[in-house]
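In what follows, a single structure is set out as structure tokens and then discussed.
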There are 2 protein chains.
Amino acid sequence: MVTLNDVAKKANVSKMTVSRVINHPEQVTDELKELVYEAMSELNYRPNAAAIALAHNRTQIIKLLILEEMTVTEPYYMFLLTGIANELDKYSYSLQLLTHKNIQIGDSDGYIVCGMRSKDEELVKSLKKPVVLFGENDFGLDFVDSDNVKSMAKATEYALEKDYDHIVYLGIDVNEPFAQSREKGYTETMDKYGKEKHIYRLENRSRYSAAFIRDHWDSFSKNTLFLCASDRLAMGVIREIKERGGNIPEEYGVIGHDGVFLDQIAYPQLTTVKQAIDEMGAACARMVLDKVKAGGKSQGNQLFETDIKIGGTTRNN
Amino acid sequence: MVTLNDVAKKANVSKMTVSRVINHPEQVTDELKELVYEAMSELNYRPNAAAIALAHNRTQIIKLLILEEMTVTEPYYMFLLTGIANELDKYSYSLQLLTHKNIQIGDSDGYIVCGMRSKDEELVKSLKKPVVLFGENDFGLDFVDSDNVKSMAKATEYALEKDYDHIVYLGIDVNEPFAQSREKGYTETMDKYGKEKHIYRLENRSRYSAAFIRDHWDSFSKNTLFLCASDRLAMGVIREIKERGGNIPEEYGVIGHDGVFLDQIAYPQLTTVKQAIDEMGAACARMVLDKVKAGGKSQGNQLFETDIKIGGTTRNN
DNA sequence: ATCTTTTTTGTTATCGGTAACACATCGAAT
DNA sequence: ATTCGATGTGTTACCGATAACAAAAAAGAT
């Protein structure tokens, strides 16, 4: 293992100078900096996370709390995870994973929390280190999320462009900000164009959206598009439209939301709103590290834009 | 933060004695041990992982290498990950995540490797620390996996019990041990009962299995069961059988393999072979830690049994 | 009772970094 | 020329644990 000392010897300086080159480069002359950089890259120096942690009375660990039941969600957590992990790695930080089944809150320098619902407020607020949420919230906690309002507004506009007469919104039946924001994006856009709104809220499972389509089938005239708050809901809608002999995308359109995995399994491939999940993961990581560095000072929010990913469930005119 | 020193003072001993109580309790008299235990629990002492790591020239980090493209796979990695993470946590170890896009092989004490294919042999064998694979392999590397042969044998037996006349096996078209083992489970069982085998191998995507059903539809008499090497293949089969107007489960049966996520999305819910993925994750973690402790000595293999999870795609007689 | 040997406990140095302080060096101000 | 402050670099101590050694205490041998 290459240490600061090895680099220092090679560059003919003290190890403190090397440390400074890394942490406070402005305090070192360009000449020495050059020498040190050279030595570092020649020896392929990697800082020892344990030593840094010990010197700083830190752990170099960020814990990721997943409060949601993983089987109920889109499997996008892997992308979030890799986004976080890669970013943390750059700063010699490691990630530890906690699930609602296993909340052993040992030591860490900070937390990233996913899938938080109102009932988790107490738990999250009891954490004694900086916290960043993945997902909008009303509790004044710093967060990173997609811009859910804009996202659904975009999707609604797209649906209108494609000349579907009726646009029915299928939301997720939870009283949480992300769900409200998505609904708001739909509502605002429909109002803007003076279109009639149709909003239904369902539990986020394909069988319920399928059942919904079955139960209301007669009330949907042709040329209707179903704008779904998740790909999972969209899956059920597609399944049941096909079951009823409806034609996709000519008679009925479907748009989902998330664009992680299910949209590829669907047939026809789902038109969906794709989130930049790995980037958001990286953003969570950066934000929590910044917050650690700033002694826990709030870092505000960060919203990411989404993109429509066009599949075969919307018509192509 | 409570340190060894704090405990030592409280118990009126040197910190070395405390360290010994933790690591080599047989070297300390019962009397002192008692005192130390008491002090530890009163102060709620937790060892500092960074300090341990530094003193041992270790990192207390295990890296997880995911060599597969994550979008192509069942999203079971989350379960594997939590299994691994929870187990590592018990020993003050953290997990770091590496993907094929981001193989920064920094420092760690060992590796768990997933989704390894033959082409990765060189990479994996070049790792300088103990390695454990998740997944069978022919390279003599230690691994943890489901007992794929037994798993498919069980599924085949189940299909025969349910009185399907023809059992068609849809395998995954890769030349890897796990695929061969699953096929072997089918083959051996069919031979045992003197049944005629039908084996096809496809790329692991639902559209290919759907296309396969379409192309061969006329050759499948009723009362056929499709035994699929993955839930993803099974999804395509179900979709296309429904498209052709075939009745599931009476005329056609479908069994998948994995039982992580897709089986719940399918309609009817898929009969599948469920793997105990979180347990296997924990086993991977234990194995790699044992291997670290043993200085890299091989730890052999560990196979896990699977369970049939009955859904609506097989008949219920 | 004295000298070994063994067992038990304490001391010191060390792992790889960083903060705080000490010490040069240098130009500007008096 | 002397003093001063600013700037750049090196020294020392320390973060929390452990290994290796040293010392003290207890047990056994003569």
Side-chain angles (χ1 to χ4, degrees), chain A residues 1-37 39-40 43-61 90-94 106-109 289 292-293 295, chain B residues 1-37 39-40 43-61 91-94 106-109 292-293 295:
Chain A
M1 161 177 283
V2 182
T3 72
L4 267 196
N5 238 321
D6 301 330
V7 176
K9 274 182 203 153
K10 180 134 202 155
N12 271 316
V13 296
S14 75
K15 64 179 190 170
M16 202 54 224
T17 301
V18 180
S19 169
R20 269 192 278 259
V21 169
I22 296 166
N23 299 299
H24 311 283
E26 75 285 356
Q27 298 178 6
V28 182
T29 55
D30 291 351
E31 197 183 0
L32 284 191
K33 248 186 294 199
E34 201 45 56
L35 279 173
V36 170
Y37 281 135
M40 286 203 301
L43 296 175
N44 190 27
Y45 169 74
R46 310 258 105 212
N48 181 319
I52 296 175
L54 193 55
H56 280 156
N57 268 329
R58 287 207 232 112
T59 61
Q60 301 293 115
I61 290 172
K90 293 182 192 162
Y91 304 95
S92 307
Y93 263 84
S94 354
D107 277 326
S108 76
D109 298 340
L289 291 184
V292 168
K293 213 185 292 175
Chain B
M1 160 175 278
V2 182
T3 72
L4 267 194
N5 237 320
D6 301 329
V7 177
K9 272 181 205 153
K10 178 133 202 156
N12 272 314
V13 295
S14 74
K15 63 181 191 167
M16 202 54 224
T17 301
V18 180
S19 169
R20 268 192 279 256
V21 169
I22 295 166
N23 298 298
H24 311 283
E26 75 287 356
Q27 297 176 8
V28 182
T29 54
D30 292 350
E31 198 182 358
L32 285 191
K33 248 185 297 198
E34 201 47 54
L35 280 173
V36 170
Y37 281 134
M40 287 204 299
L43 298 174
N44 190 26
Y45 169 73
R46 308 261 104 212
N48 181 316
I52 295 175
L54 193 56
H56 281 156
N57 267 328
R58 286 207 231 113
T59 60
Q60 301 293 114
I61 289 172
Y91 304 94
S92 308
Y93 263 82
S94 332
D107 278 326
S108 75
D109 298 339
V292 168
K293 211 184 294 176

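A, B, ... follow the sequence lines: proteins, then strands. Residue 1 opens every chain.
Rounded to whole angstrom, the span from the CD atom of A:E31 across to the C1' atom of D:dT7 amounts to 15 Å. Between the CD1 atom of A:I22 and the P atom of C:dT18 there is a distance of 6 Å, given to the nearest Å. Atom-to-atom, CG of A:L4 to P of C:dC15 comes out at 13 Å; the value is rounded to the nearest Å. Rounded to whole angstrom, the span from the OH atom of B:Y45 across to the P atom of D:dA17 amounts to 3 Å. Atom CG in B:N5 sits about 11 Å away from atom P in C:dT11, given to the nearest Å. Atom C1' of nucleotide D:dG16 and atom CZ of A:R58 are separated by 16 Å, given to the nearest angstrom. With rounding to whole Å, A:M40 atom CE is found 14 Å from C:dG17 atom C1'. In this structure, B:M16 places its CE atom 15 Å from P of C:dA13, rounding to the nearest Å.
Applying the 4.0 Å criterion to OP1 and OP2 of C:dT9, one finds that B:T29 has a side-chain N or O inside that range. When the side-chain nitrogen and oxygen atoms of B:N48 are compared with OP1 and OP2 of D:dC15, none of them lie within a distance under 4.0 Å. Between B:T17 and C:dT8, a side-chain N or O to OP1/OP2 separation shorter than 4.0 Å is absent. Contact between the side-chain N/O atoms of A:H56 and the OP1/OP2 oxygens of C:dA19 is found at a separation under 4.0 Å. Distances shown here put a side-chain N or O of B:S19 below 4.0 Å from the OP1 or OP2 atom of D:dT18. An OP1 or OP2 oxygen of D:dG16 is reached within less than 4.0 angstrom by no side-chain nitrogen or oxygen of B:T3. Close to D:dA19, at under 4.0 Å from its OP1 or OP2, lies a side-chain N or O of B:H24.
Taking only distance into account, the side chain of A:K15 meets the base of C:dG17 through a donor-acceptor pair shorter than 3.5 Å. One donor-acceptor pair, N or O on each side, does fall under 3.5 Å between the base of C:dG10 and the side chain of B:R20.
In this structure the side chain of A:V18 reaches within 4.5 angstrom of the side chain of A:V13, judged on heavy atoms.
Going from atom OH of A:Y93 over to atom OG of B:S94 covers 12.0 Å, rounded to the nearest 0.5 Å. One finds the CD1 atom of B:I22 at 5.0 Å from the CE atom of B:M40 (value rounded to the nearest 0.5 Å).
B:Q60 places a side-chain N or O within 3.5 Å of a backbone atom of B:S92 that can act as its donor or acceptor partner.
Annotation: B:K10, atom NZ; neighbour count of heavy atoms from other residues, nucleotides and ligands within 6.0 Å does not exceed 12.
Of the candidate nucleotides C:dG16, D:dA17, C:dT11, C:dT11 has the atom lying nearest to any side-chain atom of B:S14. In this structure, the nucleotide among D:dA17, D:dC15, D:dT9 sitting nearest to the side chain of A:A55 is D:dC15.
Ranked by how close their nearest DNA chain C nucleotide is to the 5' end, B:L32 and A:V2 are led by B:L32.
At a threshold of 4.0 angstrom between heavy atoms, the contacts of A:N23 are confined to the sugar-phosphate backbone, with no base atom among them.
Under 4.0 Å is where a charged nitrogen must lie from a carboxylate oxygen, and between B:D6 and B:K9 no such pair does.
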